[in-house]
Amino acid sequence: IKEVYNNFKYVMDPHGAVGYLGWKKYQEENKDCTGVIFETAHPSKFYDVVEETLNIKVEIPAGLADLENKKKDAVLLSKEYQDFKSLLLSRN
């Protein structure tokens, strides 16, 4: 996270940082390759880690901030595919 921020002024999330490290390791043996790292979350999802690592304030986008006030809807479900399928089919 810190290396990317210092070199490119881009704030990564921890998932993206793991992808970046994996890419750097791969590139050690494949120097002629070009890579793309996809982020899987906004850095504000992990604001505590990102803020501590970079010593900056992470801004939370309005769309994400609005989610904080929404009711969580969770369903306890087994790991069986059929149970998952039945749940999906039972909802309109």
Side-chain angles (χ1 to χ4, degrees):
I1 293 173
K2 189 177 277 189
E3 180 179 326
V4 169
Y5 183 74
N6 289 339
N7 291 332
F8 306 106
K9 300 301 179 228
Y10 180 79
V11 180
M12 300 184 93
D13 73 84
H15 299 153
V18 170
Y20 176 73
L21 289 174
W23 168 247
K24 285 186 66 169
K25 181 74 174 165
Y26 179 82
Q27 200 174 33
E28 288 174 7
E29 296 179 12
N30 301 277
K31 301 210 184 292
D32 294 334
C33 292
T34 300
V36 177
I37 292 102
F38 292 95
E39 293 276 34
T40 57
H42 190 276
S44 65
K45 182 177 179 186
F46 305 96
Y47 72 90
D48 52 340
V49 172
V50 175
E51 287 181 353
E52 181 180 333
T53 301
L54 300 179
N55 198 28
I56 63 169
K57 178 75 174 147
V58 176
E59 296 298 323
I60 300 175
L64 287 178
D66 289 344
L67 294 176
E68 190 174 326
N69 299 321
K70 297 212 181 245
K71 180 181 176 250
K72 182 177 180 178
D73 183 15
V75 176
L76 185 60
L77 196 60
S78 78
K79 63 182 179 180
E80 301 301 320
Y81 172 75
Q82 188 57 46
D83 293 338
F84 176 63
K85 181 178 176 182
S86 295
L87 174 70
L88 291 179
L89 292 173
S90 71
R91 295 183 170 208
N92 292 327

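Here the structure is a predicted model, which means the values were calculated and not measured.
The residues Lys85 and Glu80 are annotated as not salt-bridged, no charged nitrogen and carboxylate oxygen being separated by less than 4.0 angstrom.
Side-chain atoms of Leu89 and Ser86, non-hydrogen and from C-beta on, never get closer than 4.5 Å to each other. Side-chain atoms of Val50 and Tyr5, non-hydrogen and from C-beta on, never get closer than 4.5 Å to each other. With contacts defined as side-chain heavy-atom distances shorter than 4.5 Å, the pair Arg91/Val75 qualifies. Contact annotation: the side chain of Tyr20 approaches that of Met12 to within less than 4.5 Å [non-hydrogen atoms, C-beta and beyond]. Side chains of Val58 and Asp48 form no contact here, defined as non-hydrogen atoms less than 4.5 Å apart. Looking only at side-chain heavy atoms (C-beta outward), Phe84 and Ser78 stay at 4.5 Å or farther from each other.
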Step by step, work out the side-chain contact (heavy atoms from CB on, under 4.5 Å) result for His15 and Val18. CA-CA 5 Å; His15 299 153; Val18 170; 5.9 Å; no
Steps toward side-chain contact (heavy atoms from CB on, under 4.5 Å) verdict (Lys45, Asp13): CA-CA 8 Å; Lys45 182 177 179 186; Asp13 73 84; over 6 Å; no
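Ile60 and Ala65 get closest at one heavy-atom pair: CG2-N, 3.8 Å. Here the closest non-hydrogen pair linking Pro14 and Val49 is CG-CG1, 4.3 Å. The shortest heavy-atom contact between Cys33 and Gln27 is O-NE2, 3.4 Å.
Looking at Glu51, its side chain never comes within 3.5 Å of a backbone N or O of Lys57 through a donor-acceptor pair.
Between the CG atom of Leu77 and the CG atom of Asp83 there is a distance of 6.0 Å, given to the nearest 0.5 Å.
When hydrophobic clusters are built by joining Ile, Leu, Val, Met, Phe, Trp and Tyr residues whose side-chain heavy atoms come closer than 4.5 Å, directly or via intermediates, Phe8 is grouped together with Trp23.
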